[in-house]
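Worksheet: one structure, shown below.
Sequence lines set the chain letters: A, B, ... in the order given, protein chains first and strands last, and positions in each chain run from 1. Keep in mind that what you see is a predicted model, and the values were worked out from it rather than measured.
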Number of protein chains: 4
Amino acid sequence: MEKNQVPSTIKDEALVEKRRQQMVKGAVTLFTEKGFHKTTTREIAKASGFSIGTLYEYIRKKEDVLFLVCDSIYERVKERMEASINQDEKSVANLILAIRAYFHLMHDMQGEVLVMYQEVKSLSKDAQDYVLQKERDMVAMLEKVIKNSLPFSISEEQVTLIANNIFVQGQMWGFRRWILQRTFTLETYTEQQIKLLLQGLQVEEKELT
Amino acid sequence: MEKNQVPSTIKDEALVEKRRQQMVKGAVTLFTEKGFHKTTTREIAKASGFSIGTLYEYIRKKEDVLFLVCDSIYERVKERMEASINQDEKSVANLILAIRAYFHLMHDMQGEVLVMYQEVKSLSKDAQDYVLQKERDMVAMLEKVIKNSLPFSISEEQVTLIANNIFVQGQMWGFRRWILQRTFTLETYTEQQIKLLLQGLQVEEKELT
Amino acid sequence: MEKNQVPSTIKDEALVEKRRQQMVKGAVTLFTEKGFHKTTTREIAKASGFSIGTLYEYIRKKEDVLFLVCDSIYERVKERMEASINQDEKSVANLILAIRAYFHLMHDMQGEVLVMYQEVKSLSKDAQDYVLQKERDMVAMLEKVIKNSLPFSISEEQVTLIANNIFVQGQMWGFRRWILQRTFTLETYTEQQIKLLLQGLQVEEKELT
Amino acid sequence: MEKNQVPSTIKDEALVEKRRQQMVKGAVTLFTEKGFHKTTTREIAKASGFSIGTLYEYIRKKEDVLFLVCDSIYERVKERMEASINQDEKSVANLILAIRAYFHLMHDMQGEVLVMYQEVKSLSKDAQDYVLQKERDMVAMLEKVIKNSLPFSISEEQVTLIANNIFVQGQMWGFRRWILQRTFTLETYTEQQIKLLLQGLQVEEKELT
DNA sequence: GATGAATGAGGGTTCATTCAT
DNA sequence: CATGAATGAACCCTCATTCAT
């Protein structure tokens, strides 16, 4: 289950990679502006810098573009998260680091993430499952950091709940931007959410180093 | 800015109301299953129990159906929330009551809410503003309850943040059902979120009556 | 297995019948001139006297037009043959009558028959079977007449062979028109083929009344 | 009017010949399976064992492939017929020999012949004339044998008619295979047709040696 | 000579919307 | 008021053909 779920008639794999990057970049902009359905394949081709014919050398169906976009988003999210945090370090500081990194990421990828959430249902069942799995992986990452960072143990359930809370709070920064970004900056938003969370976990300030 | 944003050629207002209820009911089901774009006007007409010609006596454009759906959703949400809570009562118990009522509501309206979030961007700018305002009203309601329920005062900012957290946690129960409803029942989910919240607010258990 | 193998969104059955007649008429001309593949659906619509949108209210796919054409051809062939001959009369004269009627028919429907033979393979397997069956019915009709008309008995095999010979000789008049219609008129062609056949069957001239 | 109606950019004529043989072989299979129109040039290239670019070094247009196929078919038919019979021998036996050879040939080339008949109209007028001429040559060959083989004289017209009958009866074995090859083997089919023909010609059995 | 990436005209089909009945 | 046949703009996708390497 890889991105070569989407076959191409082009043999040169490096070229396929390059063209698809162009495609994803152009498509994200368009999907953000008008949504998947109102974006035409010709527009995607144009925004990607090639002709409609060429577009279809690299995908089979319009839906494939959406899949490629979703795939690329999670790939980038995963990359950046893995670069930012240490999943195995055992300290609350690491959890805070992870949240900051994640919120920051969600800030940078507001458009992409919004697109993904509004359009996944246009994917085939299979593709949806694939994307959902990536999301689960992401949440699992957060769960691991949470477990490792707490000096005392909490139930699995609670870990799940908190991980999901953090996950959607990150997305919410982009989804509900019209409301939140009027009151908060990314920094104040991040710090206040962290504070609320730690209080909820009853972790003393002093325990943070 | 009311639902008569959507004009009809029919004079008999009671009939208009009745027909539109049929429409919304049929449309929600269809939109839930296939999304707004993949649902045709003919399907909406059929599901509503009348002909395509008749459908267009009660709306101008397909988008109007979506607007009517969104409007109806918020109408029902507002009604039920107002019936369930007392916005002016000053006690933490009232907040807990409100959260329970809201989560329960989100549970009952999973399909509708999901549709709304995935399709609002298909509305015209004006209609989007209208729906967004309804959402703001809803959040404002939560903010009021939060402020009234706390025995000590917290900053406006924090109230906003908490209200938004509660708001999306309610939606999240439906949005992320594939993950959450595997681990929690609506009750365990609700109670754990409440617990986490109150700890975050550092409200002592005993303060609840 | 009827012509309502091809569903229509139009409810008024009489209208469906009428529009499809227009369609078949227009399509046969076009198919004769340029073949099925080189004829566009827009051309069919135009030749039928309605818009492309209307065309698709009466069919599902372009292939349906071809099916309707084939179906209509055999329907007309069958009608005319049944009107011209008496399947149960026991005389050689009746066979001669049948051949004359059939050749005459093939002459009148040269275009249609040619189209059918050149394009059937563009039909789905199911539709092909349906058309093939109609053809078999037609041959069976000839076989019956042959059997009834001979004063002595011949083998089943020979009946089949002769029926098939007559069948393709009729079509050949249209298929090979560039060669045959230079040498023969329909009448001389018919009479010579009849003569050859009867000699082959060793039926004495005098036996014909 | 030769096969070099189809120009090639390649100078090496032997190579052109070789590549075109590969092409025709691959194309016949494809055309038989899916017809000319539903076969893509890429498929032809692949089946021929070279790239699409190379294909176009040996032809100008897709239609050229069809022409080459038709040309090759008649070339092979002519070759084999000339090898099998003696056009100048004056005996009924020779006619019988010719028919047997021709039917046998049509049996071996069922696919090819069918393709040719269903797709010729896709050729340009010029190419059609060229193919038609080859067909006329073939019929003329049969006419010559018929005339030479009869001990008494019959009219030109009748010769034409009989030649055409034989010609289509040979094709019919392939065209109507679903019906005929259920009842006959190639041998029984051939012998019965010969018998019927000779009776039609009122040639006594004993006259055959 | 051979390759295969690029092109874009053009085809089949859908569906929101209208309007005569 | 209700109906449903008619319309055509617009969309997705294919594939013959070219040309730089």
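If you take CD1 of Ile10(B) and P of dT3(F), they are 11 Å apart, rounded to a whole angstrom. Between the CD1 atom of Ile59(C) and the P atom of dT13(E) there is a distance of 7 Å, rounded to whole Å. What separates CZ of Phe50(A) from P of dA6(E) is a distance of 8 Å, to the nearest Å. Leu55(A) places its CG atom 11 Å from the P atom of dT14(F), with the value rounded to the nearest Å. dA5(F) atom P lies 11 Å from atom CD of Glu13(C), rounded to whole Å. With rounding to whole Å, Lys61(A) atom NZ is found 10 Å from dT14(F) atom P. Put simply, CG on Leu15(C) is 13 Å from P on dG4(F), counting in whole angstrom units. Distance CZ (Arg19(C)) to C1' (dA6(F)): 9 Å, rounded to an integer number of Å.
Within the 4.0 angstrom heavy-atom criterion, only backbone atoms of the sugar-phosphate kind lie near Thr9(A); the bases stay farther away.
Counting all heavy atoms, side chain and backbone alike, Ser124(B) lies closest to Glu63(B) at N-OE2, 3.0 Å. Shown here for Ser8(D) and Glu57(D), the closest heavy-atom pair between the two residues is OG-O, 2.9 Å.
Side-chain atoms of Lys134(A) do not come within 3.5 Å of backbone N or O of Ile73(A) as any donor-acceptor pair. Ser48(D) places no side-chain N or O within 3.5 Å of a backbone atom of Phe50(D) that could act as its donor or acceptor partner.
Aromatic ring centroids of Tyr117(A) and Tyr117(B) lie 6.0 Å or more apart.
In summary, the side chains of Tyr58(B) and Asp64(B) do not present any donor paired with an acceptor at a separation below 3.5 Å, with no hydrogens or angles considered.
Counting heavy atoms from C-beta on, the side chains of Ser72(B) and Leu68(B) never come closer than 4.5 Å. Between Gln128(C) and Leu132(C) the shortest side-chain heavy-atom distance does not fall below 4.5 Å.
Place Lys11(B) and Glu63(A) on DNA chain F by their nearest nucleotides, and Lys11(B) ends up nearer the 5' end.
When distances run from any side-chain atom of Thr54(C) to the nucleotides dA6(E), dT7(F), dA5(F), the shortest one goes to dT7(F). Side-chain proximity of Tyr58(C) to the nucleotides dA2(E), dA5(F), dA5(E) is greatest for dA5(F). Side-chain proximity of Ile52(D) to the nucleotides dA5(E), dA5(F), dT13(E) is greatest for dA5(E). You'll find that the side chain of Asp12(C) is closest to dA5(F), out of dA6(E), dA5(F), dG4(F).
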Contacts under 3.5 Å, N or O only, protein and nucleotides 19-21 of chain F:
none

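For DNA chain F, the residues of residues 21-47 of chain B within the heavy-atom distance limit of 4.0 Å (strictly under) are Arg42(B), sorted by number.
Under the Watson-Crick or G-U wobble criterion, with both distances below 3.5 Å, dA20(F) is paired with dT3(E).
Both tests pass for Lys62(D) against the ring of Phe36(D): distance under 6.0 Å to the centre and angle within 45° of the axis.
Under the side chain to side chain contact (heavy atoms under 4.5 Å, CB included) criterion, Val115(B) pairs with Phe31(B), Thr32(B), Glu119(B), not counting sequence neighbours.
Not one side-chain nitrogen or oxygen of Arg60(B) sits closer than 4.0 Å to the OP1 or OP2 atom of dA16(E).
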